[in-house]
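All remarks here apply to the structure that follows.
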Amino acid sequence: MKIGTMGKGVALFAASTLALAACTSDAGDSDDAMSESPSTEATTEAATGSNDDTIFISVGEDQWDGYNDLTPDTYSTYNSVINERVRQTFVYFDENSGIQVNEEFGNVELISEDPMVVEYTIADDAVWSDGEPIKYEDVLLTWAAQSLMVDDAAMFNHVSGVDYGDRVPEGPQGEPGGKTFTVEYTNPYPDYMLTTVVDFPAHIAAEQGGISLEEMVTAIQAGDTDTLAPVAEFWNTGWLSPTAGELPDPALALSSGPYTYGSWEAGQSLTLVPNENYWGTPPATGNLTFRFAAADTHVQALQNGDLNVIEPQATVDTLDQLEAIGESVTVGTYDTLVWEHLDFNFAEGAAFADSLELREAFAMCVPRQLIVDNLISPIAPEAEVMNARERLPFQEGYEELVSAAYDGRYDEVDIDGAAAKIAESGAETPVQVRLGYNTPNPRRTDVAALIKDSCDQAGFEIVDNGSSEFFSADLGAGDFDVAMFAWSGSGQITSGQNIYGTERPQNYGMYSNETVDAGWDELTATLDPEAQMEQLVVIEGELWDSLFGIPLFAHPGVAAWDSTIQNVIPNPSQSGIVWNAEEWVR
Amino acid sequence: MTRYILRRLAISFGVLFVGSFLLYIMVINSGDPLEDLRQSTANNRDVLIDGRIETMGLDLPWYERYWGWLTGVAGCFYGACDLGTDRSGTDVLSMLQQSASATLRLVTIATFAAIIIGIIVGILTAIRQYSGFDYVVTFLTFLFFSLPVFWAAVLLKEYGAIRYNDWIADPQISVIQAVIAGVVLGFILQGIMGGHIKRRLFTGGATAVFVIVALLYFTYVGWWRSPALGPVIVILVSAAFAVGLTALITGLGNKRVLYSTLTTVGVGAILYFALQPILAEPNWWLLLGLLVSAVVVGLIVGYFWGGYSRGQAMAMSAVTAVFMAAMTFTDHLVYAWGGFLELKPRPISTIGASTPNFQGDFWETTLDWGTQLLLPSILLTLISVATYSRYTRSSMLETMNQDYVRTARSKGLSERTVITKHAFRNALIPITTIIALDFAALIGGAVITETVFGWKGMGAMFKEGLEHVDPNPVMAFFLVTGTAAVIMNLVADLAYASLDPRIRR
């Protein structure tokens with residue numbers, strides 16, 4: 001058994017395999033398969049004006065949780081980015097995070113300032129996806145879900161509690177079946193544009209609760225919670241999807257937007273398809289598939305075409321990788337609503353509590369421009385130091401606010417000036433400063449190091465107190481001298497009151513200033529944008545003078561998409577890049 | 001024996017109970033479940049926090065939370081399983097079912113591949129101890145074993161998916177590429193085959209020429225985009241397998257076994273044509289039925305040919321039949337590749353367990369699953385092949401140095417008989433234990449692999465639960481992996497006892 005017989009056998013076998021393997025499959029057959037595959041669904045979509053293309057996007061690995069994203073459990077951006085394409089409301093955030101009226105859905109008009117009355121008009125042809133018009137009853141149920149109480153507890157498990165009911169005790173006024181209604185606020189409420197005035201289809205809730213729509217209207221107007229109990233029960237549970245992969249019944253989870261739910265593969269993806277009863281412009285692309293994939297897989301998936309639109313983590317590495325892909329991918333950087341800041345602790349015993357000079361010294365030595373240049377500019381070349389708290393650099397009114405409220409006194413690092421201020425304060429040097437922030441976060445650790453390099457020269461001794469317990473323990477307990485973290489803006493006008501007002505829940509540093517408190521009271525009491533800006537100038541000016549803290553920069557965001565897709569525009573608001581997905585087209 | 005098993009089970013139950021208690025306490029103390037809400041500036045922040053406290057029972061003392069979980073689990077014994085919900089209200093039991101099925105799909109193939117490849121490589125390196133081949137394999141196994149999964153996954157995606165997909169759009173192999181591939185493969189194969197220099201040159205040269213010609217020829221006829229095997233190749237390869245298997249296990253001298261396996265191939269060839277219409281659009285149950293009937297056919301053929309070595313003939317005919325069935329299956333899959341490329345122009349994905357809304361026939365859908373599984377399976381296999389091959393190698397070497405092996409050699413048995421009959425079987429005993437325990441571990445999923453390839457398996461469920469300081473998903477993970485570990489331990493002990501008669505005494 002040398003090479004002889006065995007070798008011959010193997011050679012013969014190899015040669016024949018080679019010769020025969022060369023036969024290829026019949027191309028004609030695969031063509032047949034192609035002509036069968038487009039689904040019947042696709043052809044009907046074409047009739048409504050959408051193509052049958054699919055665009056893949058991912059906003060992260062978190063799954064979609066359900067149709068009702070207004071319970072505290074299901075209230076997440078992962079849910080709302082999808083549901084916002086299915087259910088429209090009166091307003092949306094544009095690419096500068098400005099609030100715009102959604103004219104396809106209807107109109108919002110402030111018709112009286114005192115008393116404050118807002119008039120809403122729903123578009124005449126606006127209907128739910130089962131053909132039922134969107135009307136006053138839906139609005140009434142939306143109000144009921146945010147106002148009714150049973151035994152001092154909210155009857156509906158709503159994320160906003162009964163805030164709307166407190167502000168609008170009478171509820172929206174209109175005719176059953178009507179398209180126009182008014183909402184009267186007891187006190188002026190500047191954020192009225194953000195009030196949820198319509199969310200779910202009331203006729204479904206009534207039907208599932210076993211009462212007629214008329215009975216429901218009467219019960220809500222009379223405050224008859226007994227009759228409404230089954231409706232509330234359905235509202236709280238019937239629109240949730242506790243089993244991943246099982247889409248809600250399309251007869252219950254109605255759409256009022258360009259898309260509706262098509263399919264859901266547990267743990268994998270959810271596909272939106274056009275809502276055939278949508279009265280407005282049909283979506284340009286027939287299938288919008290959200291894939292649930294971890295952020296660090298996005299870049300390669302984009303390159304391979306598994307995803308077409310991504311918003312990866314904004315790091316220098318990601319940006320380099322994206323740019324290395326070449327022209328097939330378009331990269332967009334933008335500023336997000338998340339902004340970084342340093343806050344002083346005013347509580348008893350903290351280093352900066354009683355000494356304005358020390359706070360000024362600290363503000364003088366913090367190298368804000370260097371921080372931005374070293375850590376943010378590589379990602380967002382246009383990035384700038386932020387000099388206001390209530391407006392972000394890309395927002396309307398930022399320039400106006402900064403030029404009126406801040407004179408540029410902390411633009412340059414001034415070590416000598418800081419040292420002089422410390423001497424003036426009479427504090428013993430080195431002044432120990434505990435700089436607290438949440439770890440692990442390499443960028444914040446770098447910022448802390450830059451601050452230490454600079455401020456230690458002036459006579460401070462910066463102690464890097466970064467800890468994984470920062471949010472759960474240190475911040476609430478006031479165990480810091482300077483806290484470094486980020487606020488994520490929500491687009492509200494009045495939310496800052498909770499941060500800067502005396503004894504407000506998010507005022508972790510125990511800051512208290514009469515001018516600021518008065519400014520907020522004025523601001524929240526007026527509906528005139530110019531008067532609001534006047535008060536903001538007062539507040540920001542005082543926050544700079546008394547040094548509540550130091551704003552640093554707005555976090556940059558990175559988005560990237562397949563260059564063949566048109567109309568993709570990054571958006572800093574919570575909806576993210578998906579905000580205009582119905583306009584995307586290849 | 002029954003008493004032993006019962007006692008073991010009772011002890012394991014206690015261990016699981018204590019373990020669950022400890023894990024529960026550790027998880028709920030591992031962080032702040034409200035952390036993400038504390039940074040929010042939303043007006044409704046307090047409602048959100050209250051809602052989460054209510055859902056997760058954060059206002060209850062730890063023993064009440066644990067008791068609540070425990071009573072829910074106790075329900076499993078009388079059919080009212082309640083593993084609770086996660087923090088967003090999703091039912092954990094349904095999550096568990098989905099995660100477990102995803103994990104099983106992901107890890108089963110990789111584990112089997114790792115076991116088979118690992119054992120073969122281990123035996124080969126043991127036989128060719130201290131050869132160039134042995135050193136290279138040792139180096140590679142250690143390299144793979146210490147591979148950072150994240151980094152390897154990125155490389156695999158770059159070359160296995162992105163570059164491959166670019167290439168398959170217009171598959172071209174230049175002469176230089178073909179020559180390099182041929183020479184490398186020829187070099188590897190001569191290393192495995194070993195022998196004196198003339199034989200090595202012949203093996204290496206022949207392989208290189210074959211590979212070069214094959215690659216160029218395939219490219220020329222456009223085989224990469226519309227490949228096919230065809231009946232002749234299926235039959236020829238199956239026949240070669242039948243001869244090879246017989247040569248390896250019983251030797252070609254045993255004509256009864258040889259004829260038996262070859263007859264099986266013959267019957268398989270007839271069935272190949274007869275079943276064509278059914279296999280055009282089958283389903284998994286049909287395929288399973290056909291596989292079972294293939295085994296039965298093999299057993300029958302072996303029974304009638306067998307004579308004095310009936311047992312061996314039956315077993316080997318059955319194995320041949322399974323191989324032939326697998327070849328037929330592959331034939332159909334390969335044939336469907338052309339149509340699959342039309343549906344999915346970039347066939348290998350970097351994320352996901354399947355292409356969303358993929359619409360193809362049975363074979364195209366199977367190809368879709370296969371292409372999605374390919375990269376994670378390669379990764380998992382590479383990592384675990386190292387363990388198996390090293391264990392097999394050392395166990396095999398130990399056995400080869402035993403007295404009875406020397407005795408077998410000295411009484412004139414052929415090297416093939418010595419290795420397959422005397423050494424290999426005994427070398428397998430310690431490996432059984434490792435395999436059983438590995439099966440328990442595989443249920444736990446592969447956290448990193450799942451994350452980087454976008455699968456939602458057990459590992460992802462565990463990781464997310466821990467990140468959210470949400471005990472219910474973590475405990476569900478513990479229940480499954482803990483139970484699997486306990487059972488597999490028991491199975492390993494029992495298997496050990498049945499394989500090694502000395503243990504039973």
Side-chain angles (χ1 to χ4, degrees), chain A residues 3 11 13-14 16-18 20-25 27 29-30 33-34 37 39 65 71-75 157 159-161 163 240 242-245 263 265-269 271 287 289 291-294 297 300-301 303-306 471-472 485-490 492 495 498-499 505-506, chain B residues 32 35 38-44 47-48 51-52 55 85 87-91 94-95 98 102 154 157-158 161-162 165 199 202 206 210 213-214 217 221-223 226-230 232-233 236 240 335 338-339 342-343 346 349-354 356-357 359-361 451-452 454 456:
Chain A
I3 288 172
F13 174 67
S16 46
T17 326
L18 186 52
L20 290 159
C23 54
T24 53
S25 57
D29 195 50
S30 60
M34 266 308 281
S37 60
S39 63
D65 283 327
T71 72
D73 291 345
T74 55
Y75 182 72
N157 188 19
V159 270
S160 304
D163 190 54
L240 301 177
T243 306
S263 63
E265 241 177 287
Q268 294 293 314
S269 64
T271 301
N287 298 286
T289 298
R291 299 183 82 156
F292 311 121
T297 65
Q300 283 189 312
Q303 192 178 1
N304 197 32
D306 303 325
F471 286 119
S472 56
F485 59 106
W487 288 123
S488 59
S490 51
Q492 287 165 342
S495 61
N498 275 341
I499 303 175
Q506 287 161 41
Chain B
D32 176 14
E35 176 171 334
R38 290 190 205 273
Q39 238 187 137
S40 160
T41 57
N43 275 350
N44 52 14
V47 184
L48 286 174
R52 187 171 296 168
T55 307
T85 64
R87 70 171 191 184
S88 58
T90 307
D91 182 36
S94 73
M95 262 167 83
Q98 284 156 359
V154 167
K157 285 180 179 182
E158 176 69 28
I162 298 171
N165 290 339
R199 180 172 149 166
F202 179 77
F210 178 72
V213 173
Y217 196 36
V221 296
W223 194 85
S226 46
L229 295 179
V232 186
I233 294 230
L236 214 57
Y335 197 78
E342 301 281 329
L343 291 176
R346 293 183 71 85
S349 298
T350 58
I351 50 166
S354 61
N357 310 313
Q359 284 173 335
D361 63 15
T451 316
V452 288
K456 282 278 183 307

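- The two atoms that bring A228(B) and Y335(B) nearest to each other are CB-CD1, 4.0 Å, heavy atoms only.
- Summarising the geometry, atom CG belonging to N157(A) is positioned 7.0 Å from atom OG1 belonging to T55(B); distances are rounded to the nearest 0.5 Å.
- Ranked by heavy-atom pairs shorter than 4.5 Å toward chain B, the options A301(A), A293(A), A294(A) are led by A301(A).
- For the pair R52(B)/R87(B), a side-chain contact is recorded, criterion being any heavy-atom separation below 4.5 Å from C-beta on.
- For chain B, the nearby part of E265(A) is the side chain; its heavy atoms alone come within less than 4.5 Å.
- Proximity to chain A involves both the backbone and the side chain of N357(B), based on heavy atoms less than 4.5 angstrom apart.
- In terms of heavy-atom pairs under 4.5 Å with chain A, the best-connected choice from A161(B), G454(B), P356(B), A353(B) is P356(B).
- Contact of R346(B) with chain A is made through the side chain alone, with heavy-atom distances under 4.5 Å.
- Separation of atoms CD1 (I351(B)) and NZ (K157(B)) is listed at 7.5 Å; rounding is to 0.5 Å.
- For T243(A), the parts lying near chain B are the backbone and the side chain together; criterion is any non-hydrogen pair under 4.5 Å.
- Side-chain contact, N304(A) with T350(B): no donor N or O sits under 3.5 Å from an acceptor N or O.
- Residue S269(A) touches chain B through its side chain alone, counting heavy-atom pairs closer than 4.5 Å.
- For T85(B), no part lies under 4.5 angstrom from a heavy atom of chain A.
- Highest contact tally toward chain A, considering only N165(B), I162(B), D32(B), is held by I162(B) [criterion: heavy-atom pairs under 4.5 Å].
- With a threshold of 4.5 angstrom between heavy atoms, A206(B) does not approach chain A through any atom at all.
- The shortest heavy-atom contact between A244(A) and A266(A) is O-CB, 3.6 Å.
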